[in-house]
Amino acid sequence: MRAPTPKALIRPLVEHLHGYVPGEQPKIKGLIKLNTNENPYPPSPKVLRAVKAAVDGRLRLYPNPTAENVRVVLAKLHRCSPDNIIVGNGSDELLALAIKCFVEPTGSKTRRSVAEVVQYFTPSYSLYPVLADIHGAKTNPVPLAGDFSIPDKKPKTWRSDAALTLITTPNAPSGRGYTTTDLDNLCRTIRGIVVLDEAYVDFAKENALRLALKYPHVIVSRTFSKAYSLCFQRVGYFVAHRQLIDALHKIRDSYNVNGLGQIAALETLSDLPYYRANFKKVIATRKRLSAELTKLGFSVLPSETNFIFARPPKFPAEQWLAKLRQKKVLVRWFRYPETKDFLRITIGTDAEANALLRAVKQLC
Ligand SMILES: *Cc1c(COP(=O)(O)O)cnc(C)c1O
């Protein structure tokens, strides 16, 4: 018998998949890295101490399977029960689990009262369609209004019966914030599950956490990555009705959150004033950078996140990306029709903002 080719052994779905393309993590000396919305400030000294102190013989043991300590503290913070919370290996893991848990793959014979689609606005987090494709689920991308607001009158393609609707709020990559009233109204028109992905909410005016405790079909997604300077540790969580959380627990890996991540998250929650001071710094830099870039001819959209979305003057955004890179400033550019005229710029420290402004002035 002839040995099969490896390719013939891979599922066609996987063979044809376009994986997610994360922002670059290059190792260029002196690079100003403003491309992946990481927090420019380090985790609290308490977090660093606790993680270092935990690196000993304990590493041979399995961590708590449900990140119980973290759930208990989060429950107090959000005035709910630990049963309303599931912790994940980053919120990306939980988003993938939500698709697995609530949406049938295409071709399934199961009959349900919801439409088997993963629905999301465009532009929003570009991981959503990738996760749907991995699961073999149908997607329903629906355009936001021209100013990136949620359209008042839903386009004809909008499905209020979608099995799962994912909403990035505040929106990425535009940085636009949505009011809780608008989100509440939207949730009330949807019959399937709604995930409000609040990855950037600590930099916003409002959050919609209460909707997850008010409605049985609404999930709020949060992460320690962006606002809490913890991308490296991979910790995120969902808040939702207990029955939804129980279902998600059934399909996650038994030890999905690593032990050092649990320790880091727990210590983070014990030092929130440190982080709140950082949010203020980021917001102040955001305001100053927006004003300075506006003076230089950029059209900067109002932002409620730790990045800005700005249309540069003079030459196309894609060229700005390359020219800034030559000057060792890395920003993000997305090739889609509705985003191709803009640069997404992460808010760094004041020194990093100044370096960006110097580079921009040399190019203008
Ligand atoms: C960064 C990001 C996430 C993922 O965060 P992790 O917890 O690091 O997986 C989720 N949603 C949006 C919109 C993000 O920008």
Side-chain angles (χ1 to χ4, degrees), residues 19-25 33-40 43 67 70 74 85-100 118-132 134 141 144 148 150 164-178 183 194-204 207-209 212 219-240 248 252-253 256-258 260-262 264-265 268-269 275 282 303-309 331-334 336 339 344-347:
Y20 180 69
V21 184
E24 282 181 88
Q25 301 288 3
K33 194 172 172 304
L34 305 175
N35 68 327
T36 49
N37 299 343
E38 287 144 332
N39 198 305
V70 179
L74 284 172
I85 295 169
I86 182 170
V87 185
N89 181 36
S91 53
D92 284 352
E93 182 204 15
L94 298 172
L95 295 170
L97 287 180
I99 294 177
K100 256 196 198 174
V118 178
Q119 176 166 259
Y120 47 88
F121 286 114
T122 55
S124 67
Y125 189 24
S126 52
L127 180 70
Y128 303 150
V130 177
L131 295 178
I134 291 170
L144 283 169
F148 303 104
I150 295 171
L164 180 63
T165 300
L166 300 162
I167 297 173
T168 317
T169 171
N171 179 254
S174 74
R176 185 175 180 121
Y178 303 124
L183 294 169
V194 187
V195 174
L196 302 174
D197 181 349
E198 292 194 329
Y200 299 103
V201 83
D202 295 285
F203 306 104
N207 73 73
L209 195 110
I219 297 174
V220 164
S221 173
R222 295 276 181 93
T223 174
F224 284 87
S225 292
K226 313 288 169 46
Y228 299 92
S229 307
L230 219 55
C231 292
F232 195 82
Q233 289 284 7
R234 314 297 307 124
V235 190
Y237 62 99
F238 274 3
V239 180
L248 289 161
R252 65 170 172 80
D253 283 348
N256 62 331
V257 189
N258 77 85
L260 295 178
Q262 294 187 29
T268 298
L269 294 166
Y275 293 94
V282 167
S303 166
E304 293 200 33
T305 60
N306 69 336
F307 56 85
I308 52 173
F309 206 48
V331 299
R332 193 94 186 259
W333 174 76
F334 297 97
Y336 310 102
T339 56
R344 194 195 70 186
I345 306 169
T346 302
I347 305 300

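Along the sequence shown, the residues carry numbers beginning at 1. Ligands are counted one by one from 1 in listed order, and the atoms in each one are counted from 1 as well.
A perpendicular orientation is assigned to the rings of F309 and F148, their planes being inclined by more than 60° (bins at 30° and 60°).
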Worksheet item: Going through the checks in order, is the side chain to side chain contact (heavy atoms under 4.5 Å, CB included) test met by L74 and R222?
Response: CA-CA 11 Å; L74 284 172; R222 295 276 181 93; over 6 Å; no
Validation: residues 87-94 side-chain donor-acceptor distances under 3.5 Å, sequence neighbours left out:
{"unit_1": "D92", "atom_1": "OD1", "unit_2": "Y125", "atom_2": "OH", "d": "2.9"}
{"unit_1": "D92", "atom_1": "OD2", "unit_2": "Y125", "atom_2": "OH", "d": "3.3"}
{"unit_1": "E93", "atom_1": "OE1", "unit_2": "N89", "atom_2": "N", "d": "2.7"}
{"unit_1": "E93", "atom_1": "OE1", "unit_2": "N256", "atom_2": "ND2", "d": "3.1"}

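Between the side chain of T339 and the backbone N or O of F334, at least one donor-acceptor pair lies under 3.5 Å.
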Below 3.5 Å only, please: the N or O atoms of ligand 1 paired with protein N or O atoms, distance on each line.
{"unit_1": "ligand 1", "atom_1": "5 (O)", "unit_2": "S91", "atom_2": "OG", "d": "3.2"}
{"unit_1": "ligand 1", "atom_1": "7 (O)", "unit_2": "S91", "atom_2": "N", "d": "2.7"}
{"unit_1": "ligand 1", "atom_1": "7 (O)", "unit_2": "S91", "atom_2": "OG", "d": "3.0"}
{"unit_1": "ligand 1", "atom_1": "7 (O)", "unit_2": "T223", "atom_2": "OG1", "d": "2.5"}
{"unit_1": "ligand 1", "atom_1": "7 (O)", "unit_2": "S225", "atom_2": "OG", "d": "3.4"}
{"unit_1": "ligand 1", "atom_1": "8 (O)", "unit_2": "S225", "atom_2": "OG", "d": "2.6"}
{"unit_1": "ligand 1", "atom_1": "8 (O)", "unit_2": "R234", "atom_2": "NH1", "d": "2.7"}
{"unit_1": "ligand 1", "atom_1": "9 (O)", "unit_2": "S91", "atom_2": "N", "d": "3.2"}
{"unit_1": "ligand 1", "atom_1": "9 (O)", "unit_2": "D92", "atom_2": "N", "d": "3.0"}
{"unit_1": "ligand 1", "atom_1": "9 (O)", "unit_2": "D92", "atom_2": "OD1", "d": "3.3"}
{"unit_1": "ligand 1", "atom_1": "9 (O)", "unit_2": "D92", "atom_2": "OD2", "d": "3.4"}
{"unit_1": "ligand 1", "atom_1": "9 (O)", "unit_2": "R234", "atom_2": "NH2", "d": "2.8"}
{"unit_1": "ligand 1", "atom_1": "11 (N)", "unit_2": "D197", "atom_2": "OD1", "d": "3.2"}
{"unit_1": "ligand 1", "atom_1": "11 (N)", "unit_2": "D197", "atom_2": "OD2", "d": "2.7"}
{"unit_1": "ligand 1", "atom_1": "15 (O)", "unit_2": "Y200", "atom_2": "OH", "d": "2.6"}
{"unit_1": "ligand 1", "atom_1": "15 (O)", "unit_2": "K226", "atom_2": "NZ", "d": "2.9"}

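One side chain, N37 or T346, offers a donor N or O that lies under 3.5 Å from an acceptor on the other. Inspection of the K226 and T223 side chains reveals no N or O donor paired with an N or O acceptor under 3.5 Å.
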